Amino acid sequence: MNIFEIYLKKITNILIEESKKGLIKIPENLDSINVDVAPEKFNCDISTNIAMVLSKLNESEPITLAKKLSEIIKKNDVNIDNIETVKPGFINIKFKQNFWNDFCKNIISSDRIYGKIENTQKNKYLVEFVSANPTGPLHVGHCRGAILGDVISNILKFNNHEVVKEYYVNDYGNQIKIFTKSVYLRIREILFKENFPTDNPDLYPGDYIIQIAKNIINENKNIDFSKFEPIADKLSLFSVEQSLNFVKSNLNSLGVKHDKFVRETDIINNKEVDKVVDFLRNKKFVYEGKIKAPESESNSDWVERKQLLFKSTDFGDDKDRALQKSDKTWTYFAGDVAYHNNKLSRKFHKLINILGSDHAGYIKRLNAVVEALSGNKNKLNCKVSQLVKLIKDGKPFKMSKRKGDYITVEDLISEVGKDATRFIMLSRSSDVELDFDFAKVKEKSKENPLYYVQYCYARICSVFRHVNIDIDDSIHIKNFNFKYSLNEIKILRKITEWPRCVQLSCDKLEPHRIPVYLYELASEFHSYWNLGKDNEALRFINKDKKISDEKISFLKSISIVIKNGMNILGVDTPKKM
RNA sequence: GCGCCUGUAGCUCAAUUGGAUAGAGCGCUUGGCUACGGACCAGGAGGUUCUGGGUUCAACUCCUAGCAGGCGCGCCA
């Protein structure tokens with residue numbers, strides 16, 4: 001029940017009817033008309049800008065037109081208690097008590113689905129996220145993207161869409177060769193007491209490689225590790241598998257679970273790259289050619305060579321992109337072209353990729369690929385999660401997987417906790433860099449916004465506990481015939497905004513709106529709660545230790561929104577803290 | 001040089017996607033607990049929304065030209 005949407009339709013219909021009668025002129029496109037929340041000082045429930053939008057066409061002052069239109073609107077709606085026109089030409093509407101009774105009744109019966117977008121087509125989404133190289137555990141930088149992708153998926157699911165959460169495993173190419181070599185040398189270190197060359201910049205020095213080496217030795221007692229070449233392929237496979245176990249365990253501790261892991265080697269081995277390149281060649285999107293050197297200062301060692309290129313400039317990219325290396329193996333990009341073709345073949349309505357900011361430069365070519373492959377029928381939606389700036393001991397902490405110097409996800413979760421990590425990482429727009437100060441989050445956990453919201457839910461549970469109601473019980477109220485106070489209506493107004501918060505988060509793929517909203521709602525609740533200290537009449541439980549149906553409906557409504565919001569965020573709502 | 005992101009209170013960030021007097025938290029400051037849970041609340045100070053131009057009833061938001069910071073830009077993945 002999105003009241004803004006409902007009234008937008010109502011008002012639009014009224015305008016159309018009036019224009020048919022010739023009483024008012026309306027433009028063909030009514031998109032700029034809206035129904036919104038008004039600033040609090042006006043003490044009204046909804047507000048519309050129609051008079052300002054229509055004033056020019058009707059050659060009338062906005063405020064004059066507003067008066068005329070407000071009378072018409074009031075005549076057409078029984079829920080309206082009062083309607084006012086304000087300064088530039090806004091029309092502000094206040095509802096009768098009946099409206100709020102119906103509203104609460106609706107929320108309580110909707111319960112777990114309150115806020116869901118109504119009347120939308122159910123779509124099949126593919127969300128690809130994390131997709132970090134399988135050469136070791138995740139680090140904190142990956143967490144933001146992991147949580148972002150997970151919650152975007154939750155938002156889509158909440159709105160009844162079907163979602164497949166996917167991880168693309170780049171288990172092919174040079175990095176994997178280096179990684180496998182590193183594992184092998186650690187194995188030799190263990191079995192043959194040869195020192196691992198830690199100063200070699202072409203190897204992975206991290207300690208986790210030792211663990212991987214140990215695991216492989218233990219699980220493969222029958223393998224002869226004395227020579228690399230004969231076991232290279234097998235070792236590569238095992239190493240990636242071990243690495244993925246780390247990754248999965250990291251994701252698990254963040255509360256993130258992918259539905260599917262797609263391996264680049266499978267794509268390559270199934271000849272999907274060959275097929276897709278042939279397809280693109282037939283479409284004249286692939287050719288033999290040369291790329292110009294970048295205009296950077298240090299391009300003195302640039303060698304121009306002829307190679308197989310994808311014509312991504314046809315689709316707005318800055319330059320065409322190489323598909324094949326000089327040794328005739330496929331580039332990473334070629335594999336990704338085939339992978340996106342693979343995605344398209346699975347008939348999703350929408351494809352979403354969550355990328356780290358360091359891969360943002362990749363978006364144009366990916367969009368180009370999907371456009372070329374789908375014949376412009378399907379578009380890829382790429383969402384970038386900006387950097388997480390880790391701060392430790394008051395200083396920025398630089399992490400490097402190559403140097404083996406980084407904070408692991410396990411460190412993070414054991415110090416901060418899953419829920420707090422999720423809530424904090426989600427509470428900022430993904431377009432903005434995030435300061436993550438370990439010490440602050442740890443020491444000042446009481447100031448953590450997560451607890452502020454959870455505390456609100458716990459307080460409601462506490463009230464219910466006093467009158468022997470479990471928050472999870474369904475509420476049965478016979479007659480919704482209450483008179484909510486202004487303080488309560490202020491909170492109910494906030495609750496009317498929940499469906500639109502969900503809608504915006506979903507349309508724009510912007511989860512941060514949800515924690516921000518929940519914090520605001522919690523704030524209004526705490527404020528109301530404290531009124532009960534000065535004025536006993538404003539407490540939920542009266543002197544006889546009873547609670548009225550009105551208060552139950554009010555508290556239950558708030559709890560439903562908090563619960564639904566926190567569920568989407570994948571964060572717990574404890575009954576006691 | 002080019003592309004993407006960012007620029008809002010001392011600091012960290014919001015802003016109903018073009019709406020009304022731009023809002024929170026932290027910090028600073030003045031108050032409120034014999035409690036339906038103080039992990040809370042009420043008040044105060046703090047702003048030329050990076051700059052210049054444009055679009056319109058209305059611009060933090062859109063267009064344009066700059067400035068500043070971050071990320072990226074080869075057969076790495």
Side-chain angles (χ1 to χ4, degrees), chain A residues 4 32 34 36-39 41-42 47 49 51-53 55-56 61-62 86-90 92 131-133 135 170 172-176 178 264 291-297 299 301-305 307 317-319 322-327 329 331-333 335-336 356-364 384 386-387 389 427-429 431-435 437 440 444-449 451-452 454-456 458-467 497 500-501 504 507-508 512-513 516 519-520 523 526-534 536 539-542 545 547 551 576-577:
Chain A
F4 302 98
S32 50
N34 60 32
D36 275 324
V37 186
K41 62 163 184 171
F42 293 107
S47 168
N49 65 349
M52 289 177 294
V53 175
S55 69
K56 207 169 192 180
E61 288 291 312
V86 185
K87 271 189 293 182
F90 288 101
N92 291 345
S131 298
N133 287 345
T135 54
N170 307 131
Y172 174 88
N174 270 335
Q175 291 300 322
I176 294 297
I178 293 170
E264 187 178 5
I291 323 176
K292 277 181 196 159
E295 306 254 342
S296 60
E297 289 150 33
N299 60 354
D301 55 344
W302 172 261
V303 185
E304 214 180 54
R305 39 168 92 77
Q307 58 193 148
D317 197 5
D318 310 322
K319 54 177 77 172
L323 292 163
Q324 215 167 32
K325 302 182 205 170
S326 53
D327 67 357
T329 58
T331 60
Y332 167 78
F333 176 62
D336 223 5
S357 60
D358 51 342
H359 289 82
Y362 207 68
I363 293 175
K364 280 188 179 178
V384 174
Q386 290 298 324
L387 228 58
K389 273 193 281 182
S427 55
R428 309 242 137 107
S429 158
D431 288 338
V432 168
E433 286 189 9
L434 181 84
D435 277 3
D437 190 327
K440 259 189 182 170
K444 301 187 178 177
S445 64
K446 288 178 183 177
E447 288 167 14
N448 195 313
Y451 300 114
Y452 187 81
Q454 287 181 330
Y455 188 45
C456 167
R459 273 181 153 172
I460 294 172
C461 291
S462 165
V463 172
F464 279 178
R465 211 162 30 241
H466 277 89
V467 291
E497 293 178 43
R500 107 189 317 221
C501 173
L504 273 170
D507 290 349
K508 308 287 260 174
H512 76 278
R513 292 168 183 281
V516 168
Y519 188 90
E520 287 168 0
S523 171
H526 288 312
S527 178
Y528 180 88
W529 177 282
N530 277 57
L531 292 175
K533 294 187 174 180
D534 293 335
E536 240 176 272
R539 295 190 184 182
F540 297 105
I541 296 171
N542 61 27
K545 307 248 171 196
I547 186 168
K551 300 288 188 198
K576 283 184 184 174
M577 293 170 69

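Quantities reported herein were computed from a predicted structural model and do not represent experimental measurements. Sequence lines set the chain letters: A, B, ... in the order given, protein chains first and strands last, and positions in each chain run from 1. All heavy atoms count here, side chains included; hydrogens, waters and symmetry mates do not.
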- Check side-chain contact (heavy atoms from CB on, under 4.5 Å) between A:Lys364 and all other residues, then give those that pass, not counting sequence neighbours. A:Asp317, A:Asp318
- Item | Residue list, salt bridge (Lys or Arg N to Asp or Glu O under 4.0 Å) with A:Asp435, at least two apart or on another chain | A:Lys389
- Task: Using only side-chain N and O atoms of A:Arg459, determine if any of them is under 4.0 Å from OP1 or OP2 of B:G38.
- Result: yes
- Message: Holding to salt bridge (Lys or Arg N to Asp or Glu O under 4.0 Å), I want the full list of residues that pass it with A:Glu520, two or more places apart in sequence or in another chain.
- Response: A:Lys494
- Message: Taking salt bridge (Lys or Arg N to Asp or Glu O under 4.0 Å) as the definition, give me every residue that meets it alongside A:Asp36, ordered by chain and number, with sequence neighbours left out.
- Response: A:Arg500
- Gap between atoms CG and P, on A:Asp358 and B:C5 respectively (whole Å): 16 Å
Hey, what are the protein-to-nucleotides 11-15 of chain B N/O distances that come in under 3.5 Å?
{"residue": "B:U12", "atom": "O2'", "partner": "A:Arg428", "partner atom": "NH1", "Å": "2.8"}
{"residue": "B:C13", "atom": "OP1", "partner": "A:Glu433", "partner atom": "O", "Å": "2.8"}
{"residue": "B:C13", "atom": "O2'", "partner": "A:Arg428", "partner atom": "NE", "Å": "3.4"}
{"residue": "B:A14", "atom": "OP1", "partner": "A:Ser429", "partner atom": "N", "Å": "2.8"}
{"residue": "B:A15", "atom": "OP1", "partner": "A:His512", "partner atom": "NE2", "Å": "3.1"}

- Residues at least two apart in sequence or cross-chain that pass side-chain contact (heavy atoms from CB on, under 4.5 Å) with A:Lys56, listed by chain then number, are none
- Query: For A:Thr329, which residues count as a side-chain contact (heavy atoms from CB on, under 4.5 Å) partner, sequence neighbours excluded?
  - Reply: A:Tyr172, A:Lys325, A:Asp327
Under 3.5 Å, N/O pairs linking protein and nucleotides 57-60 of chain B:
{"residue": "B:C57", "atom": "OP1", "partner": "A:Lys56", "partner atom": "NZ", "Å": "3.2"}
{"residue": "B:C57", "atom": "OP2", "partner": "A:Lys56", "partner atom": "NZ", "Å": "2.8"}

- Task: Could you list the residues that satisfy ring pair (Phe, Tyr, Trp, His ring centres under 6.0 Å) with A:His526, not counting sequence neighbours?
- Result: A:Tyr452, A:Tyr455
Below 3.5 Å between N/O atoms, which protein atoms pair up with nucleotides 29-33 of chain B? Just atom names and distances, please.
{"residue": "B:G32", "atom": "N2", "partner": "A:Asn530", "partner atom": "ND2", "Å": "3.3"}

- Message: Suppose we screen for side-chain contact (heavy atoms from CB on, under 4.5 Å). Which residues come up paired with A:Asn542, at least two apart in sequence or across chains?
- Response: A:Asp544, A:Lys546
- Message: For A:Arg459, give me all partners under salt bridge (Lys or Arg N to Asp or Glu O under 4.0 Å), at least two apart in sequence or on another chain.
- Response: none
- Message: It should be established whether A:Tyr451 places a side-chain nitrogen or oxygen under 4.0 Å from OP1 or OP2 of nucleotide B:A39.
- Response: no
